[in-house]
Peer 1: 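Quick one: the structure is below, questions incoming.
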Amino acid sequence: MLAGCSSAEQSTPLVAGSQVPVVVPGGPGEPGRTAGPGERIGESEARAGAGDVRFAELMIPHHRQALEMAALAADRAAEPLVRAIAERITTGQGPEIAVMTSWLESLGRAAPDGHDHDEAGYGMATLEELNRLRSARGAAFDGLFLRLMIRHHEGAITMAAEELGKGTDRAMRKMAQDVLSGQQIEIARMREMQAP
């Protein structure tokens with residue numbers, strides 16, 4: 001339920017991250033200081049709308065499923081490139097989940113739990129597909145992983161495009177752009193791996 005998330009009602013807090021220092025100016029004649037990671041440093045002029053919340057609430061479980069699939073590659077994949085793409089997915093999507101979770105919490109919303117295996121929207125794998133992936137080994141795992149992950153990434157690209165078309169929050173639009181560009185690159189790499 002997204003009631004109460006109109007762009008007129010929800011301001012987006014500006015929160016300092018941990019990657020780049022944010023300098024907060026002092027009062028007249030006072031020195032500035034560096035904000036600590038996670039510190040609220042004001043309010044953004046951008047407003048979080050229902051589309052932004054929907055994007056984060058759908059993308060978090062979507063990313064979680066990608067992480068679940070990627071975790072299987074370490075001891076099941078035969079092809080080192082498949083293991084490498086799985087590591088890249090883990091490295092990229094774990095931090096994105098943390099950012100979106102923090103963003104939702106700043107709006108007073110909890111991040112969704114888990115992911116729904118029975119709902120195969122936006123390229124999500126079904127429980128049956130995940131079970132087949134869990135039981136596959138070697139070349140069979142590699143082929144199934146690539147097929148499922150390409151479809152999964154295509155679903156994420158669709159979600160990101162929807163956010164870019166309807167979203168109003170600067171942070172979520174930036175996240176959507178990152179998802180769009182990063183996953184397009186990964187799809188191209190995975191398609192190359194599928195080529196005979």
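Note: hydrogens, waters and symmetry copies are ignored here, and every other heavy atom, side chains too, is used.
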Peer 1: Flag the pair Arg88 and Glu186 as a salt bridge only when some basic side-chain nitrogen lies within less than 4.0 angstrom of an acidic carboxylate oxygen.
Peer 2: yes
Peer 1: Run the side-chain contact (heavy atoms from CB on, under 4.5 Å) test on Glu57 and Met100 for me, step by step, so that the C-alpha distance in whole Å, both residues' side-chain angles and the decisive distance to 0.1 Å come before the verdict.
Peer 2: CA-CA 8 Å; Glu57 289 181 344; Met100 289 183 283; over 6 Å; no
Peer 1: Is the side chain of Arg173 donor-acceptor paired with the backbone N or O of Thr168 at a distance under 3.5 Å, no angle test?
Peer 2: no
Peer 1: Hey, does Ile157 have a side-chain heavy atom less than 4.5 Å from the side chain of Val179?
Peer 2: no
Peer 1: I'd like to check the side-chain hydrogen bond (donor to acceptor under 3.5 Å, both in side chains) partners of Lys166; sequence neighbours left out, ordered by chain and number.
Peer 2: none
Peer 1: Working to the nearest 0.5 Å, report the span between CG of Leu72 and CZ of Phe141.
Peer 2: 5.0 Å
Peer 1: Can you give the donor-acceptor pairs under 3.5 Å from side chains of residues 78-87 to other protein atoms, not counting sequence neighbours?
Peer 2:
{"unit_1": "Glu79", "atom_1": "OE2", "unit_2": "Leu81", "atom_2": "N", "d": "3.3"}
{"unit_1": "Arg83", "atom_1": "NH1", "unit_2": "Ala77", "atom_2": "O", "d": "2.8"}

Peer 1: Can Asp169 and Trp103 be counted as having a side-chain donor-acceptor contact under 3.5 angstrom?
Peer 2: yes
Peer 1: Looking at every non-hydrogen atom in both residues, tell me the closest pair between Ala176 and Ala160 and how far apart they are.
Peer 2: O-CB, 3.3 Å
Peer 1: Are the charged groups of Arg191 and Glu154 less than 4.0 angstrom apart, N to O?
Peer 2: yes
Peer 1: Which heavy-atom pair separates Ala70 from Met149 by the least distance, and what is that distance?
Peer 2: N-CE, 4.4 Å
Peer 1: Distance only, no hydrogens: is a donor on one side chain within 3.5 Å (strictly under) of an acceptor on the other, for Glu162 and Tyr122?
Peer 2: yes
Peer 1: Which heavy-atom pair separates Ala111 from Arg64 by the least distance, and what is that distance?
Peer 2: CB-NH2, 4.4 Å
Peer 1: Step by step, would you call Gln93 with Gln183 a side-chain contact (heavy atoms from CB on, under 4.5 Å)?
Peer 2: CA-CA 10 Å; Gln93 294 190 22; Gln183 295 202 9; 3.1 Å; yes
Peer 1: Might you point out which heavy atoms bring Ser135 and Arg132 nearest each other, and give the distance in Å?
Peer 2: OG-O, 3.1 Å
Peer 1: Quick one: CG on Asp178 to CE on Met175, what's the gap to the nearest 0.5 Å?
Peer 2: 6.5 Å
Peer 1: Is Glu129 paired with Arg151 through a side-chain N to carboxylate O contact shorter than 4.0 Å?
Peer 2: yes
Peer 1: Hey, are the side chains of Arg147 and Met190 touching, using non-hydrogen atoms and a 4.5 Å cut-off?
Peer 2: no
Peer 1: With a 4.5 Å cut-off on side-chain heavy atoms, are Pro112 and Leu104 touching?
Peer 2: yes
Peer 1: Verify side-chain contact (heavy atoms from CB on, under 4.5 Å) between Gln177 and Leu180, making sure each step is shown before the conclusion.
Peer 2: CA-CA 5 Å; Gln177 187 58 57; Leu180 191 70; 4.0 Å; yes
Peer 1: What's the separation between atom NE2 in His62 and atom CE in Met159, rounded to the nearest 0.5 Å?
Peer 2: 4.0 Å
Peer 1: Taking all heavy atoms of Leu67 and all of Ile97, pick out the closest pair and write down the distance.
Peer 2: CD1-CD1, 3.5 Å
Peer 1: Test side-chain contact (heavy atoms from CB on, under 4.5 Å) on His153 and Ile89 and set out the steps.
Peer 2: CA-CA 10 Å; His153 275 27; Ile89 288 165; 4.0 Å; yes
Peer 1: So, for Glu163 and Gly51, which heavy atoms are closest and what is the spacing to 0.1 Å?
Peer 2: OE1-O, 3.3 Å
